[in-house]
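Shown next, in structure tokens, is the structure this report addresses.
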Amino acid sequence: MVSKGLLTFPSNPSIAATGVTAGPLEKKSPFSSQFDKIYTDERMHLKTNEQGHAKMIEDASMIALSKIDAVPSKADFFFAGDLVNQMTPSNFSASTLQIPYIGMFSACATSISSLLMAALVTDANLSEITLAGAGSQHNAIERQFRYPVEYGSQKPESSQWTVTAAGIAVVTPNRKKTPVITKGTMGRVIDLGMTDPLNMGAAMAPAAMDTLERHLKGHQASEADYDLIMTGDLGKTGFTIFKELATRKEIVVSEKFQDAGEAFYGGDPKFFSGASGAGCSSAIYFSEVYGKMMTGDYQKVLLIATGSLLSPLSYQQGETIPCIAHAVELMMK
Amino acid sequence: MDEKKFAKIEQQLSPKTPLGLNIVKAFLTGGTICLIGQFIAMFYMTFFDFTERTASNPTVATMVFLAMVLTGLGQYKKIAQFGGAGAAVPITGFSNAVVSASIEHKSEGYVLGVGGNMFKLAGSVILFGVVSAFTVALIKTILVKFGVVSW
Amino acid sequence: MRKIMFLLLISVVLSGCARLGEGIHIYNDSNADSAPAENVFKEDDRLVSMTVILHDQQFVSGVTVKTFSRFHKKKIEKELKEKLEKAYPDFDVTVSADNKIVHKTTEIIQNKDKAQLEEQLEKIISLLKEET
């Protein structure tokens, strides 16, 4: 049986360029040299965290566009999202950029869901240049979901650190010598009854597993076909559980399996289980992974971004944490 | 995969909370905070006309002030990460809750932002503090009336 | 920041060290006998030290109690007061387990100059009356 939600892009849309911006703390990331811009101020020298957040998405978009010598007025679509209420930072950056825009929300999986949308419009021959991506700003998101930033609450080992970063990809019709989007799988919402918002990796792991399984089965692929299978922001805890789940499904878990959240801060215990946030997966995917595809280190990769679709309201009302994972397959042809 | 089976896997693989260690750390942190408070109380008693009883007010105010400064400098959350409840239970934790909420909501202005959200976290401490104080006082009053204990 | 805090703490600690030590210390310039006060002190094993000033019609005393008896300070104060009032019926008895009072009475005993004794005693009593 072919499972639903599978996408193939016969025209092979290209990711022509990427732009990644990150906050000052993200200098600690082993991938920081690959980020296009690192701010010296966590609010990007603006008045509020949210303004800084919008600025970061905007700058990432401009950087990505400048790499293909384009300007915002040349772009057809803009798909982006973040984790703040009603996605206001993305909305404000779209207001500045003046590119026709749809806000995307798949929590931390927004990087891939917007990339899939961009691939769809490009594949349908509707677009020459589409921007897709996501961002998150630590202070703005912490405030959205948890306590005030300066409030002293003891975080457990399983908790994750929301990154300050934004990653935007420019999707164009097929171009030579750039990574192309060949396939994708839209995730289902998976909820296995996890309720701890400080252990979201564990809640998201089954969603990542479900999407991986459906992608491999639906596209008749095997984990051995890929040079890299990278999940979004499961963190150390979630990634351990994900690998255990994969092993139980008789998937060979090798070195190829990586997690952007776990890798983001290089396992620094100061950040507990690792990084999270919409900017985490987009920053790693569009810098490190994209770069390695350009240099030919990776030929074929599978990116599975995970998101937990909770709100402070839903978990305070005692609801479980529904999670989603979207997958995209990139190839260097 | 059903929920129970997954819960079992999750339990096995999620890092355990080091309960014993956390309790020791909380004890040390809370103890240190109280020790500092004791020194401040002694300071007020030695150099000013405060008795042990009346020194408690300026001492509390000083501790609140110190915690406020530490919160503003971004240090209190580090103490709290180490000390857990040891940093949350003394008055300094209360101060931290109020000040951190104020800092956080300053961007929405002083009335709706700072004023409206200052007690977002500390509000429930005040409410349940008053409720529990009332309950304890009520029980004690009844016990005294029946001659079980004396004041 | 840390150094300043440290210095502050050290100065506070050192300044609080002028103690007379265990036992009973009495300054008596009235015509009453000191022995009943000493007896009261000896009978009560919860007490560590006691400083007593007998002056004019005033009996002012600061007591320090054993660590775990600190929880019953109020009760101890009350009991002592009753006993001492019986022993010194002509005096106005003030007993307190408050550190400040112990400190103040100690100062009076250590200070050779007793000229302002009257004022100092009144000050102690007024401190105790202060509420909150």
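Predicted model, so just to flag it, every value in this text is computed and none were measured. Naming: A, B, ... by sequence-line order, numbering from 1 per chain.
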Report, as yes or no, whether the 6.0 Å neighbourhood of atom NZ on B:K145 holds more than 12 heavy atoms from other residues, nucleotides or ligands.
-> no
Who wins among A:M194, A:K47, A:E157, A:E244 for the most heavy-atom pairs under 4.5 Å with chain B?
-> A:M194
Any chance you could measure B:T71, atom OG1, to B:L66, atom CG, to the nearest 0.5 Å?
-> 10.5 Å
B:P18, B:A85, B:G84: which one forms the most heavy-atom pairs within less than 4.5 Å of chain A?
-> B:G84
Quick one: what part of B:Q11 sits under 4.5 Å from any heavy atom of chain A, side chain, backbone, both or neither?
-> neither
So which part of B:A97 gets closer than 4.5 Å to some heavy atom of chain A, the side chain, the backbone, both or neither?
-> both
Using non-hydrogen atoms only, which part of A:S153 is less than 4.5 Å away from chain B: side chain, backbone, both, or neither?
-> backbone
Contact part of B:N117 toward chain A, heavy-atom cut-off under 4.5 Å: side chain, backbone, both or neither?
-> neither
Tell me, for A:N139 versus chain B, whether the close heavy atoms (under 4.5 Å) come from the side chain, the backbone, both or neither.
-> backbone
Taken to the nearest 0.5 Å, the spacing of A:W161 CH2 from A:E142 CD works out to 7.0 Å
Geometric class of the A:F239/A:F242 ring pair [parallel <30°, tilted 30-60°, perpendicular >60°] = parallel
Proximal component of B:A87, with respect to chain A [non-hydrogen, under 4.5 Å] | neither
A:T162 OG1 to A:I141 CD1 distance, which is reported to the nearest 0.5 Å = 6.5 Å
Side chain from CB out, backbone as N, CA, C, O: work out which of these in B:T17 comes under 4.5 Å of a heavy atom of chain A, or both, or neither.
-> neither
With chain A, which of B:I79, B:N22, B:V98 has the greatest number of heavy-atom pairs at distances under 4.5 Å?
-> B:N22
Among all residues two or more places apart in sequence or in another chain, which pass the salt bridge (Lys or Arg N to Asp or Glu O under 4.0 Å) test with A:E50?
-> none
Spacing of OG1 belonging to A:T231 relative to CG belonging to A:L212, to within rounding of 0.5 Å = 9.5 Å
Salt bridge (charged side-chain N to carboxylate O under 4.0 Å, His left out) assessment of A:D268 paired with A:K28 = CA-CA 9 Å; A:D268 188 341; A:K28 290 199 172 132; 5.5 Å; no
Heavy-atom distance under 4.5 Å to chain B: side chain of A:N49, backbone, both or neither?
-> neither
